[in-house]
Amino acid sequence: MEWYFTELRKHKEPFQFDETMDLEQSLIERFPDVVIKCSPISFKGVVTNDRDSVIIDAEIGCELTVPSSRSLTPVHMHLDFTISEIYVDDASIISSFPQEDVVMLVQDDKIDVDKLIEDNVVLQVPMQVLTPEEEQAGIMPSGSEWQVISEADDESEQDKPVDPRLAKLQDLFNDKPEA
C-alpha cells in the first residue's frame, strides 16, 4: 500500500485509518533470518499535517514467529506497539526537527506504508529470543570440546585461583614500575 504525500497534505482535518494487512510473504522475503511466520497486521492510527510535514501516529499489532537466537527453534511472540514518524518532501527542513524524532524524506511523492510497517515490526524483535524451555533451563549450547558460557560463569572463572606455576606471569603487564 502506498500513500501520496501531496494527497495527505490536502487533508485539513486529521485522516484516520484502520487497516488489516497481510505482509507475511514480504516480511519473510525481506528478513528471512528474522521472520518465520506473521499473522495479518493490524495498522490503525491518524495522519496529521504539521507545517511542511505529514505525521503518522499509529498502533501496530500482530503475532510473529521468529527463530530462537540460541537454537533456531521457532518462538511465537505477540507484538503490539505504537509508532510516530514524520515525513517531509524537502531535505533542507529535516534539521529543523528535534534529533530524537524519526523524520523520513519522501521519494517520488510516495510513502510506502508496507515498508513502514515491515521495518517497524522487525525493529521490535529483541536481539535475544529464547524458547520458554531455554529461558527456564538456562542451558547454553555446547559441542565437542566447546561450550557457550554466561557472563556470570565467565566472572566466576576469572575469580578462580591462578596456577602457582603461572602466578609470576600476572605481573608481566603491570604498568607500575617496581621500586
Side-chain angles (χ1 to χ4, degrees), residues 1-136 140-141 148 151:
M1 179 167 67
E2 291 179 339
W3 289 339
Y4 290 93
F5 185 78
T6 52
E7 290 296 318
L8 293 174
R9 296 274 302 138
K10 290 179 184 176
H11 289 275
K12 301 273 188 249
E13 296 296 316
F15 164 64
Q16 295 191 349
F17 57 90
D18 188 351
E19 301 284 335
T20 300
M21 305 171 71
D22 186 3
L23 301 175
E24 180 178 34
Q25 191 60 40
S26 179
L27 272 166
I28 292 170
E29 287 171 7
R30 285 186 65 207
F31 306 101
D33 296 338
V34 178
V35 178
I36 295 173
K37 189 175 180 181
C38 181
S39 69
I41 299 170
S42 168
F43 180 60
K44 56 185 166 186
V46 64
V47 178
T48 53
N49 289 315
D50 183 41
R51 296 182 280 163
D52 297 322
S53 63
V54 169
I55 302 170
I56 300 176
D57 292 308
E59 295 177 18
I60 299 175
C62 67
E63 301 294 324
L64 196 64
T65 303
V66 298
S68 162
S69 53
R70 202 173 280 169
S71 65
L72 300 180
T73 304
V75 178
H76 179 76
M77 62 179 20
H78 174 77
L79 296 180
D80 193 12
F81 59 95
T82 60
I83 61 163
S84 182
E85 293 189 358
I86 303 169
Y87 288 84
V88 298
D89 62 350
D90 182 6
S92 65
I93 64 172
I94 291 176
S95 61
S96 68
F97 292 93
Q99 193 171 11
E100 61 271 1
D101 286 348
V102 178
V103 182
M104 309 292 283
L105 182 62
V106 175
Q107 302 288 326
D108 301 324
D109 195 47
K110 295 178 186 173
I111 298 173
D112 187 345
V113 178
D114 292 353
K115 188 173 183 290
L116 174 158
I117 295 169
E118 291 169 1
D119 290 347
N120 280 287
V121 164
V122 170
L123 285 172
Q124 294 298 313
V125 176
M127 292 291 288
Q128 185 178 44
V129 178
L130 302 175
T131 65
E133 296 80 23
E134 290 169 338
E135 284 182 20
Q136 285 183 341
M140 297 290 207
V148 176
E151 287 182 27

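Contact between Glu24 and Ile36 at its shortest, heavy atoms only, is OE2-O, 4.5 Å. When all heavy atoms are compared, the tightest approach of Asp50 to Arg9 is N-NH1, 4.4 Å. The shortest non-hydrogen separation linking Asp33 to Pro67 is O-CG, 3.5 Å. Leu105 approaches Asp89 most closely through the heavy-atom pair CD1-C, 3.8 Å.
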**Report entry** Residues Phe5, Tyr87; criterion ring pair (Phe, Tyr, Trp, His ring centres under 6.0 Å); working and verdict
**Finding:** CA-CA 8 Å; Phe5 185 78; Tyr87 288 84; 7.9 Å; no
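A heavy-atom distance below 4.5 Å is not found between the side chains of Val106 and Tyr4. Within the 4.5 Å cutoff, the side chain of Ile60 has heavy atoms near those of the Ile41 side chain.
Using cut-offs of 30° and 60° on the angle between ring planes, the pair Phe15 and His11 is parallel.
Salt bridge present: Arg30 and Glu118 bring a charged side-chain N and a carboxylate O closer than 4.0 Å.
A donor-acceptor pair under 3.5 Å is absent between the side-chain atoms of Thr48 and the main chain of Pro14, judged by distance alone. Listed for the Asp114 side chain is no donor-acceptor partner under 3.5 Å among the backbone atoms of Leu23.
Using a 3.5 Å distance cut-off with no hydrogens or angles, the side chains of Asn120 and Glu85 do pair a donor with an acceptor.
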